[in-house]
Amino acid sequence: EGERSLGDFGPDDFGAILSLLHDEENLYIGLRVTDDDLCGGDTDSRDFVGSDYVRLYLCGTPPSERTEPTIGEEDLVLALAPFAQGGPAIRVPDYGMKLLELPAPRTFAVASRPVPGGYELEIAIPWDAVGEGIGTGATVGFNLMLGDADGGRREAEVTVGSQEGEYWTRTRAYVDL
């Protein structure tokens with residue numbers, strides 16, 4: 001169970017089931033999101049805060065071994081708007097710090113579709129995009145933030161990791177994966 005940073009919501013308005021799978025080459029992320037109003041109009045902000053969004057954080061270094069307090073060059077941070085115009089939009093959010101660059105579009109796969117009462121999102125990310133030498137049994141840093149916007153305004157957000165301080169830029173928000 002994650003944390004809530006903003007908004008009052010119930011299971012019929014906003015919630016999710018998260019599934020994580022992996023093989024030797026990829027991490028697979030599946031989300032089944034309950035959402036009463038699919039929103040994808042914000043394609044201009046740094047992290048799609050005015051759209052329904054997923055922010056994904058991955059680092060090849062386990063959280064317990066991290067010494068720096070903020071995310072940086074070894075962190076893969078992706079902001080996804082599942083229902084932006086023309087399909088899912090993806091970007092590395094500009095939080096004023098150097099992050100890993102967005103992998104080439106064909107390097108990973110993203111698919112979303114509306115379903116009754118919400119949407120489904122599937123993401124496949126190769127381990128090579130997260131860090132060199134990540135193999136079976138390795139621990140990596142992970143966080144996922146799921147945002148709900150209704151009418152172009154964020155209404156709620158839940159996260160897998162901690163929400164202390166500026167959690168969207170803090171390495172202590174990561175969990176072991």
Side-chain angles (χ1 to χ4, degrees), residues 1-6 14-35 46-49 52-82 88-95 97-112 118-148 156-177:
E1 184 165 313
E3 295 189 31
R4 173 176 44 198
S5 70
L6 176 68
F14 178 59
I17 297 171
L18 169 66
S19 299
L20 300 167
L21 299 169
H22 69 88
D23 59 25
E24 291 183 16
E25 296 177 10
N26 296 295
L27 170 64
Y28 304 98
I29 300 166
L31 283 165
R32 173 58 168 94
V33 179
T34 302
D35 190 344
R46 67 183 182 178
D47 54 11
F48 307 121
V49 72
D52 294 332
Y53 63 82
V54 174
R55 293 188 205 135
L56 179 63
Y57 294 69
L58 287 161
C59 180
T61 304
S64 62
E65 296 177 17
R66 299 289 296 265
T67 57
E68 65 283 352
T70 58
I71 56 176
E73 292 184 72
E74 62 181 301
D75 297 280
L76 177 63
V77 180
L78 301 175
L80 299 98
I90 304 164
R91 72 170 46 119
V92 173
D94 180 7
Y95 293 136
M97 50 200 63
K98 176 87 171 125
L99 301 170
L100 282 176
E101 292 185 19
L102 184 67
R106 297 193 188 275
T107 308
F108 58 97
V110 177
S112 62
Y119 65 92
E120 294 176 342
L121 178 68
E122 297 177 350
I123 308 165
I125 298 177
W127 290 118
D128 288 348
V130 178
E132 292 183 29
I134 297 173
T136 302
T139 299
V140 299
F142 175 80
N143 199 0
L144 185 136
M145 299 173 192
L146 179 64
D148 178 32
E157 180 180 82
V158 293
T159 68
V160 171
S162 168
Q163 289 186 343
E164 288 181 40
E166 294 181 345
Y167 59 92
W168 60 94
T169 65
R170 302 294 182 212
T171 59
R172 69 177 175 262
Y174 282 32
V175 297
D176 287 345
L177 180 64

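Both backbone and side-chain heavy atoms feed into the values below; hydrogens, waters and symmetry mates do not.
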If we only count heavy atoms from C-beta on, is the L102 to F108 side-chain gap below 4.5 Å?
yes

C59 versus V130, closest heavy-atom pair with distance
C-CG1, 3.9 Å

How about L27 and L177: do any of their side-chain heavy atoms sit closer than 4.5 Å?
yes

Under a 4.0 Å N-O cut-off, is there an ion pair linking R172 with E164?
yes

For the residue pair F48 and R55, establish whether any side-chain heavy-atom pair is separated by less than 4.5 Å.
no

Would you be so kind as to tabulate the donor-acceptor pairs closer than 3.5 Å made by side chains of residues 69-81, with sequence neighbours excluded?
residue : atom : partner : partner atom : Å
E74     : OE1  : T61     : OG1          : 2.6
D75     : OD1  : R66     : NH1          : 2.9
D75     : OD1  : R66     : NH2          : 3.3
D75     : OD1  : Y174    : OH           : 2.6
D75     : OD2  : R66     : NH2          : 2.9
D75     : OD2  : G72     : N            : 2.6

Are any of the side-chain heavy atoms of E166 and Y95 separated by less than 4.5 Å?
no

Check whether more than 12 heavy atoms from other residues, nucleotides or ligands sit under 6.0 Å from atom CD of E68, and answer yes or no.
yes

Looking only at heavy atoms, what is the nearest atom pair of P126 and N26, with distance?
CA-OD1, 3.2 Å

Determine which pairs satisfy ring-ring contact (aromatic ring centres under 6.0 Å, His included) with at least one residue from residues 118-138, sequence neighbours left out, and list them in order.
F83-Y119

Kindly compute the distance separating CD1 (I29) from CD1 (I123), expressed to the nearest 0.5 Å.
5.0 Å

Within the 4.5 Å heavy-atom criterion, are E157 and W168 side-chain neighbours or not?
no

Test of understanding: with ring pair (Phe, Tyr, Trp, His ring centres under 6.0 Å), list the residues that count as partners of F142, not counting sequence neighbours.
none

Report yes or no: does Y28 contribute a side-chain atom to a donor-acceptor pair with the main-chain N or O of D23 at less than 3.5 Å?
no

